[in-house]
Amino acid sequence: MDFWKKITAPLEKDLEWNFPEQKSGTVAIIGGNNNNFSYEVKLAEYLSNNYSVEKVETYFPDELKKSLPNIPGINFLESTESGSFKKSEALNSAFQTSDFTILPGDFSKNSATNIAISEALKTATSPVVLSRDAIDLLTPNFAEFIEDHQLFVIASMAQLQKIFRSLLYPKMILLKAPLMQTAETLHKFTLSYENCTIITILEGQIVLASQGKVVIIPLEKTKLNALTFFTGNLPGDITAYNLWNPGKPLEASASALFH
């Protein structure tokens, strides 16, 4: 199977040379609810402190005004009575005015938030990174945006299985399938949906698939572990490497995994 390879180092070593010396680009981080928001704050700080991003704009429901300081970079959007996002032009604008958007999760699980984020994502003019419960929120709507928008999906195998079912994809993801069988399935899936890059973890291996190509990276060769793969700064790393290396989702994402 010539569509996959196992690697222990970046596919291209020189991608960091493309990082600008002066800060440039705008990243939008959209997430949080009136109970959870710390992950989004930490991710914004990580991007600002470790990469040359000119502006990191974090968007929260306005129910959080009482919990967060009114400082540059933190924005508040209309919220539902339950303290999560509701449909608004300002939410759409957040997707439309950034060079990259991250949906890291902490969304309330309700239909109003599902509709608000799904409708706003469909207006996005730049790539979007999905992780954690943002994937669960949007899974029923994947068919509405997976073909027309560049997505980077950091998902568990169980989440991928649900996405495949939502799309009525003819080949299923099996939670206990052999590694090579999963690689072949993701190879075919990312040929069908060439704008979607998948990053998942199976049997101690990170599996990265994009545009029909698959790379497998031993988790132990990265700085990640089974917990930080989902709770750490990976969405920020994926964003930064792809922001400054457009058109190379496989190579840039592979480098991000070794950052």
Side-chain angles (χ1 to χ4, degrees), residues 26-50 53 55-71 73-88 90-95 98 100-122 124 127-142 145 149 151-156 158-160 162-163 166 199-201 224-240:
T26 299
V27 174
I29 299 175
I30 303 172
N33 60 52
N34 59 348
N35 295 314
N36 299 297
F37 55 84
S38 61
Y39 182 71
E40 289 70 34
V41 172
K42 291 176 182 177
L43 191 59
E45 290 178 347
Y46 175 77
L47 266 173
S48 297
N49 294 336
N50 290 275
V53 181
K55 292 174 67 177
V56 179
E57 299 286 343
T58 310
Y59 295 87
F60 294 107
D62 58 16
E63 275 288 315
L64 284 172
K65 280 185 177 180
K66 58 183 178 292
S67 303
L68 288 165
N70 188 15
I71 60 175
I74 291 183
N75 306 274
F76 298 101
L77 305 179
E78 291 183 62
S79 66
T80 63
E81 292 182 0
S82 63
S84 191
F85 293 98
K86 68 184 296 185
K87 288 179 65 173
S88 68
L91 179 58
N92 294 350
S93 180
F95 282 87
S98 61
F100 236 95
T101 301
I102 306 175
L103 301 181
D106 292 327
F107 293 105
S108 296
K109 296 179 181 179
N110 58 66
S111 59
T113 305
N114 170 279
I115 293 170
I117 299 299
S118 296
E119 292 297 316
L121 194 160
K122 287 191 285 187
V128 179
V129 177
L130 304 176
S131 68
R132 302 168 71 237
D133 65 79
I135 296 170
D136 303 316
L137 179 76
L138 294 171
T139 290
N141 308 90
F142 255 70
F145 44 73
H149 294 81
L151 303 178
F152 294 84
V153 181
I154 304 170
S156 69
Q159 287 175 319
L160 287 180
K162 293 176 182 178
I163 290 171
S166 172
I199 307 103
T200 191
I201 187 169
L224 300 167
N225 58 46
L227 179 61
T228 57
F229 179 86
F230 294 107
T231 63
N233 297 310
L234 184 56
D237 295 327
I238 293 289
T239 294

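Heavy atoms only: backbone and side chains are in, while hydrogens, waters and symmetry mates are out.
- Remark: side-chain polar atoms of Y39 are paired, donor with acceptor, to backbone N or O of G232 under 3.5 angstrom.
- Ring-plane geometry between F37 and F60 is classed as perpendicular, the angle between the planes exceeding 60 degrees on a 0 to 90 degree scale with a lower cut at 30.
- Inter-residue side-chain proximity for F85 and L77 is flagged as met; some heavy-atom pair is nearer than 4.5 Å.
- Here the shortest heavy-atom pairing between A28 and Y59 reads CB-CE1, 3.8 Å.
- With 3.5 Å as the limit, one finds a donor-acceptor pair spanning the side chains of T228 and N225.
- Of the possible donor and acceptor atoms, none in the side chain of S98 sits under 3.5 Å from a partner among the backbone N and O of T26.
- A heavy-atom distance below 4.5 Å is found between the side chains of F142 and L151.
- Side-chain contact check for S131 versus L234: every heavy-atom pair is 4.5 Å or farther apart.
- For the atom pair OG1 of T139 and NZ of K162, the computed distance is 7.5 Å after rounding to the nearest 0.5 Å.
- Counting heavy atoms from C-beta outward, L121 and L103 have side chains that approach closer than 4.5 Å.
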>> With side chain to side chain contact (heavy atoms under 4.5 Å, CB included) as the criterion, how do D106 and R132 come out once you've worked through the C-alpha distance, each side chain's angles and the decisive distance to 0.1 Å?
In response: CA-CA 8 Å; D106 292 327; R132 302 168 71 237; 3.4 Å; yes
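- With D133 contributing its side chain and F107 its backbone, the two residues share a donor-acceptor pair below 3.5 Å.
- Across A112 and T80, no two heavy atoms sit closer than the pair CB-CG2, 3.9 Å.
- In this model, no donor atom of one side chain and acceptor atom of the other lie less than 3.5 Å apart for S84 and N33.
- One finds the OG1 atom of T58 at 9.0 Å from the CD atom of E45 (value rounded to the nearest 0.5 Å).
- Within the 4.5 Å cutoff, the side chain of I154 has heavy atoms near those of the P235 side chain.
- No side-chain heavy atom of T239 sits under 4.5 Å from any side-chain heavy atom of V53.
- Separation of atoms CG (L68) and CG (D62) is listed at 12.0 Å; rounding is to 0.5 Å.
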>> Applying side chain to side chain contact (heavy atoms under 4.5 Å, CB included) to I30 and L91, what does each step give before you reach the verdict?
In response: CA-CA 9 Å; I30 303 172; L91 179 58; 4.1 Å; yes
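- Note that OG of S108 and CG of N114 are 12.0 Å apart. Values are rounded to the nearest 0.5 Å.
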> Hey, mind stepping through L47 and I29 against side chain to side chain contact (heavy atoms under 4.5 Å, CB included) and telling me if it holds?
Replying inline: CA-CA 10 Å; L47 266 173; I29 299 175; 4.2 Å; yes
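- Residues S79 and P61 share a closest heavy-atom pair of CB-CB, 3.5 Å.
- The CG atom of N75 sits 5.0 Å away from the CD atom of E57 when rounded to the nearest 0.5 Å.
- Between L64 and I74, the closest side-chain pair of non-hydrogen atoms is not below 4.5 Å.
- A salt bridge links K122 with E119: at least one charged nitrogen is closer than 4.0 Å to a carboxylate oxygen.
- Note that the NE2 atom of H149 and the CG atom of L130 stand 11.5 Å from one another [nearest 0.5 Å].
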>> Please determine whether side chain to side chain contact (heavy atoms under 4.5 Å, CB included) holds for the pair S118 and L138, giving the CA-CA distance in whole Å, both sets of side-chain angles, and the decisive distance to 0.1 Å.
In response: CA-CA 7 Å; S118 296; L138 294 171; 3.2 Å; yes
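- In this structure, I115 and K87 have side chains that are in contact, with non-hydrogen atoms separated by less than 4.5 Å.
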